[in-house]
Protein chains: 2
Amino acid sequence: MREQRSQEPTARAVTMADVAERAGVSVATVSRVISESRPVAESLRDAVLGAASELGYQVNLVGRALRKGRTSTVGLLVPDLDNPFFSSLAQHLSTAFEGSATDMLVFSTCGDLEVERRGVESFLGRQVDAVVMIPCHEIDSTASVLRAAQASLTVQLDRQVVDADVHFVGCDNAQGMGLITRHIRRDVDVADKPAVYVGAHAVSSTGHERFEHFTREFPESPTYLGEFDFGWGQQAVDQILEDGMTRGTIVAAADIIALGVIARLHHHGLRVPDDFRVIGFDGIGVARFAHPTLTTVRQPVEEIGRTVLDLISSPSSKPAPRAIRIAPNFVAGNSSPA
Amino acid sequence: MREQRSQEPTARAVTMADVAERAGVSVATVSRVISESRPVAESLRDAVLGAASELGYQVNLVGRALRKGRTSTVGLLVPDLDNPFFSSLAQHLSTAFEGSATDMLVFSTCGDLEVERRGVESFLGRQVDAVVMIPCHEIDSTASVLRAAQASLTVQLDRQVVDADVHFVGCDNAQGMGLITRHIRRDVDVADKPAVYVGAHAVSSTGHERFEHFTREFPESPTYLGEFDFGWGQQAVDQILEDGMTRGTIVAAADIIALGVIARLHHHGLRVPDDFRVIGFDGIGVARFAHPTLTTVRQPVEEIGRTVLDLISSPSSKPAPRAIRIAPNFVAGNSSPA
DNA sequence: TTGTAGGCGTTATCAC
DNA sequence: GTGATAACGCCTACAA
């Protein structure tokens, strides 16, 4: 026979003083037991833990944070959680922190610079131990990045602003694009299916770098630049067809763009990879949803998460700013087979 | 000529006392100006704001939180941020909080009950103003939900545990399944394409309810139960084909399952919707990635986010626990056309 | 309207 | 090894 259990917000919080009184010791001793900061005689330890348990005591981390000057909190600033690659980064960052007693504040900027600025201020006001941010814009986000870095340990994730000497962890885009161009040179008859690039305007370092390394390898190839989203991939296909292409190898700057490209090619009755090959970049989980499966370059998000954690919890409190580039892996799919 | 600007973590934080000294007023006055809690003579106000600005003062929210007993923080507990529907909920919750000076702690439980338990404890220790959680399990998460509700304002999101009188905001699954069954009765020749259900084991209220309402309408139809993921959708197709079906209308309990179903049908050379119709549930953004586009029932995530916010920032500090069910919308796609 | 002072819950320093 | 006590940064009676 189960009874309705109802919601009854807290009467008054149990504090260390309550535990101390109950256990017949001083608050200092309670603190030492709870925080395990110093050895305490076993008898007192048991008394304290017993009292704490009976009273349902739980440490108040706000009080602790104020006293210690550390919050065990990191702030993650991300342009859009609806973007599968960004939410994947958030997921793996969260799991990397798992067990380190660190919690993660998440703030979505919706790609808006002013919102991004406020997000940084909010995190700093909350005294986060570190700010991890995916800057919205390669240039215009510089002020926010520098502001964060001046007041807190800061790591740029995935994208970095130009000209700021602040930690960065992201994919080695040069190497990733190298994997793609090598695949094309080896497996594709470029005379039959010329390479085309569908990328993003150079407002982010990722868009910038991927474009640069593609054009270095295929300087004569046409390029189309838009946004990092599904809709742009669709539009790009229309432009490519208007420009008279009927066959080709479309290199997209991101999987999400590639998925839009594939969807639109299907819509026009074109076959992948028979008419157009399609190659993506990022390795998002939903790339499996594509039909055919997407040939892409995968960023090792788990490793990226761990790397950020290492940087943040570095023993030296002030490590030299570094740009860490993680090597991506080629993922063979059917959208551009070997 | 731009110089390298480098990362130099804070010397010492500027405090209200510093501002007060500089402005030649008391800390109380500074506090009143900064927090806009009481009127202050304009001359002093200007002096304070000037001093604050010169010193680069920013309020320390940890100190404020300790004093006020409110942190302006809510904790979001989610099983998996890599799940597009959950990350979409996170995104819209984040944007709903935008401008309310409330920040969001996010914790991914990875579907693990013990991790979920620890997440709740961590949030409570951090004195969050509210806990918003998507429980992992319909029954086994009950303890965590009740623990949260006993210590803080708590809202269950999307899924609810049985037998706990705690706020809930989620989709009206009965109504959603009603939209689907109505579509089938109206647009599908069930004699030619019999209905099949591919759902999830009843470990979550969503899985439970959707299954229940489907079988109520189609009691004779075969049902296949697995997980809420892409891989299960693929497996289910193999089972359905092994069981000898060659045509049918597959109702999936979630879009993510439906996408796996479609991918696997293609793999077997079967056509959608010619051989098998496919219908999803949730309305995740990536449903557009499917080819053909997915016929589904969309949960209004924006409205869900706003509703949670309303509940949390309710003026009455102790509103009666309520289950709020938001009506979903039918989204016509090509995977099951009219 | 402004200042003084106490305390939110915790930890660190200093005695014992 | 243990206890008293002073901060941490802020807000809010209370007094002036």
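So that the names make sense, note that chain A is the first sequence line, chain B the second, and so on, each numbered from 1.
Note that CG of B:Leu105 and CZ of B:Arg126 are 6.0 Å apart. Values are rounded to the nearest 0.5 Å. Considering CD of A:Glu21 and CG of A:Leu55, their distance stands at 9.5 Å, rounded to 0.5 Å.
Distance, A:Arg45 CZ to D:dT2 P: 11 Å, rounded to whole Å. For B:Leu44 and C:dT1, the CG to P distance is 11 Å, given to the nearest whole Å. When the P atom of D:dC8 is taken as reference, atom CZ of A:Arg126 falls 22 Å away, rounded to whole Å.
Checking side-chain atoms of A:Ser205 against main-chain N and O of A:Gln160 turns up a donor-acceptor pair under 3.5 Å.
Annotation: A:Glu36, atom CD; neighbour count of heavy atoms from other residues, nucleotides and ligands within 6.0 Å does not exceed 12.
Dashed line: the shortest gap from a side-chain N or O of A:Thr29 to OP1 or OP2 of D:dG3 is under 4.0 Å.
The closest side-chain donor-acceptor pair between A:Ser108 and B:Gln91 falls under 3.5 angstrom.
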Could you walk me through whether A:Val40 and A:Val48 pass the side-chain contact (heavy atoms from CB on, under 4.5 Å) test, one step at a time?
CA-CA 10 Å; A:Val40 170; A:Val48 167; over 6 Å; no
Using a cut-off of 4.0 Å between protein heavy atoms and nucleotide atoms, how would you tag nucleotides 5-11 of chain C 5' to 3' with B, S and -?
-BBBBBB
